[in-house]
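Everything numeric in this text was worked out from a predicted model, so none of it was measured. Note that these values count all heavy atoms, side chains included, but never hydrogens, waters or copies made by symmetry. Whatever order the structure lists ligands and atoms in, that order sets their numbers, starting from 1.
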Amino acid sequence: MLNKYLDIAPEVKEALDCGKPVVALESTIISHGMPYPQNVETALNVEKLIRENGAVPATIAIIGGRLKAGLSPEEIDYLGKTGTAVPKASRRDLPVLISKGMDGATTVTTTMIIAHLAGISVFATGGIGGVHRGAETTMDISADLEELAHTPVMVICAGAKSILDLGLTLEYLETHGVPVIGYGTEELPAFYTRRSGFKVDYELDSPTELAAAFHTKQELKLAGGMLVANPIPEEYSMDHEAINQAIDEAIAESRKLGIHGKETTPFLLAKIKDLTGGDSLASNIQLVYNNARLAAHTAVELARLQ
Ligand code: PSU
Ligand code: MN
């Protein structure tokens, strides 16, 4: 656990040393995913929920060139206030950001990398990146999928937004041997909505089953992670038509403006937020809470097996 570039917060370190359950959390959702102050409020509430459900939270980020597993409330506030001025950090960004002593908001990719370095196996977030619509010509495929192929962390999300080509995203994960599990559903949820029309690989119905599947994958020494898609609670799910119209509009606008590279996802997310008003933010917050609870319960079960 002695890594030259890694700082594990004392509470997280103690939990890991004793084999207690820990849940990793990402920071791009804080700096780039939600406006201030809701971002900070949500991040702190997520940590609280994880504690209430029997695990220790480890929010992950890069601060002053250090890989951080576990942040103080002040550090979370700093990331939230600084917002998009914190560079979004995927795998390819790590060498320069770290060698220059900069900050970085960790995506699913880099949160998985740092969680694994620290010894954390369960990670809760909102949505993952994937194969973008039109990727057959743009080749815009999130590094998140490649990370899931290689790094042994279970990622609990609410599926993926249909800003992506969900069918191609599933094909990519299949090719790379990443199990896609629906929690209590046979259908891949689409973040704001519980349904997408695409089937997951397997439905599992309890944290015990999720932990057993992940533990077995590790014992088999099969490389890579596992994706758990947990549908947004019914009462917070959004109208299918309204959200898809906003998504189509956001994509049309991004094409018109020639948005590409690491800007694509943040641009689309921000645009959808503008088009749907506060509704999408409220739903986003609730699905993250829902994933945090499931991740804590699953980490508790996994700690029994490991
Ligand atoms: N999708 C969402 N919300 C998010 C992200 C994706 O619905 O906040 C963020 C996550 O941090 C994810 C990243 O890892 O965007 C993917 O960015 P890209 O597509 O550039 O790889
Ligand atoms: Mn991309």
Side-chain angles (χ1 to χ4, degrees), residues 24-35 38-39 42-43 46 59-62 79-80 83-84 86-94 104-115 123-149 151 153 155-166 168-169 172-173 178 188-193 196 225 227 229-232 238 243 246-247 250-251 254-255 258-273 276 280-281 283-288 290-291:
L25 300 158
E26 65 155 300
S27 47
T28 291
I29 194 173
I30 304 175
S31 301
H32 296 253
M34 291 181 195
Q38 287 94 334
N39 54 2
T42 304
V46 164
T59 302
I60 288 180
I62 301 160
L79 291 174
T84 53
V86 182
K88 177 180 155 192
S90 191
R91 177 178 269 270
R92 60 95 188 262
D93 302 292
L94 292 180
T106 53
T107 62
V108 168
T109 295
T110 39
T111 304
M112 288 177 77
I113 294 172
I114 297 169
F123 163 21
T125 187
I128 61 155
V131 180
H132 278 270
R133 298 198 204 165
E136 56 277 23
T137 50
T138 63
M139 291 184 73
D140 189 349
I141 299 173
S142 174
D144 292 353
L145 301 183
E146 204 59 29
E147 209 58 49
L148 280 161
T151 304
V153 171
V155 179
I156 299 184
C157 67
K161 293 195 178 83
S162 40
I163 58 171
L164 303 172
D165 187 320
L166 297 181
L168 292 187
T169 300
Y172 195 102
L173 291 168
V178 179
L188 180 73
F191 197 90
Y192 294 120
T193 57
S196 67
L227 187 67
N230 184 27
I232 184 171
M238 293 182 70
I243 196 68
I247 287 171
I251 290 176
S254 81
R255 286 188 180 150
I259 306 286
H260 62 96
K262 70 193 287 186
E263 302 308 329
T264 304
T265 298
F267 177 89
L268 293 174
L269 300 182
K271 194 79 210 163
I272 291 161
K273 218 154 32 197
T276 55
S280 65
L281 180 60
S283 295
N284 197 345
I285 292 170
Q286 291 300 327
L287 66 83
V288 173
N290 192 46
N291 296 341

Expected output: side-chain [X] to main-chain [Y] donor-acceptor under 3.5 Å:
{"X": "Thr59", "Y": "Leu25", "result": "no"}
{"X": "Thr169", "Y": "Val131", "result": "yes"}
{"X": "Asn291", "Y": "Val288", "result": "no"}
{"X": "Asn230", "Y": "Ala158", "result": "no"}
{"X": "Ser31", "Y": "Val86", "result": "no"}

### Task
Would you list the protein N, O or S atoms within less than 2.8 Å of the Mn ion (ligand 2), leaving out water?
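The answer is Asp140 OD1.
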
### Task
Quickly, which of Leu164, Ile259, Ile251, Ile247 forms a side chain to side chain contact (heavy atoms under 4.5 Å, CB included) with Leu268? Name it, please.
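With Leu268 as partner, Leu164, Ile259, Ile251, Ile247 yield a single side chain to side chain contact (heavy atoms under 4.5 Å, CB included), made by Ile251.
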
### Task
Would you please write out the protein residues whose heavy atoms approach any atom of ligand 1 to under 4.0 angstrom, listed by chain and number?
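Residues near ligand 1: Glu26, Thr28, Lys88, Thr107, Val108, Gly127, Ile128, His132, Ser142, Asp144, Lys161, Phe191, Thr265, Leu269.
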
### Query
Do Glu147 and Thr151 have a side chain donor and acceptor closer than 3.5 Å?
yes

### Task
Pick out which of Lys88, His132, His32 makes a side-chain hydrogen bond (donor to acceptor under 3.5 Å, both in side chains) with Thr265.
His132

### Message
To check you understand the geometry: which heavy-atom pair defines the closest contact between Ile141 and Leu145, and what is its length?
### Response
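Looking at all heavy atoms of both residues, the shortest contact is CG2-CD1, 3.9 Å.
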
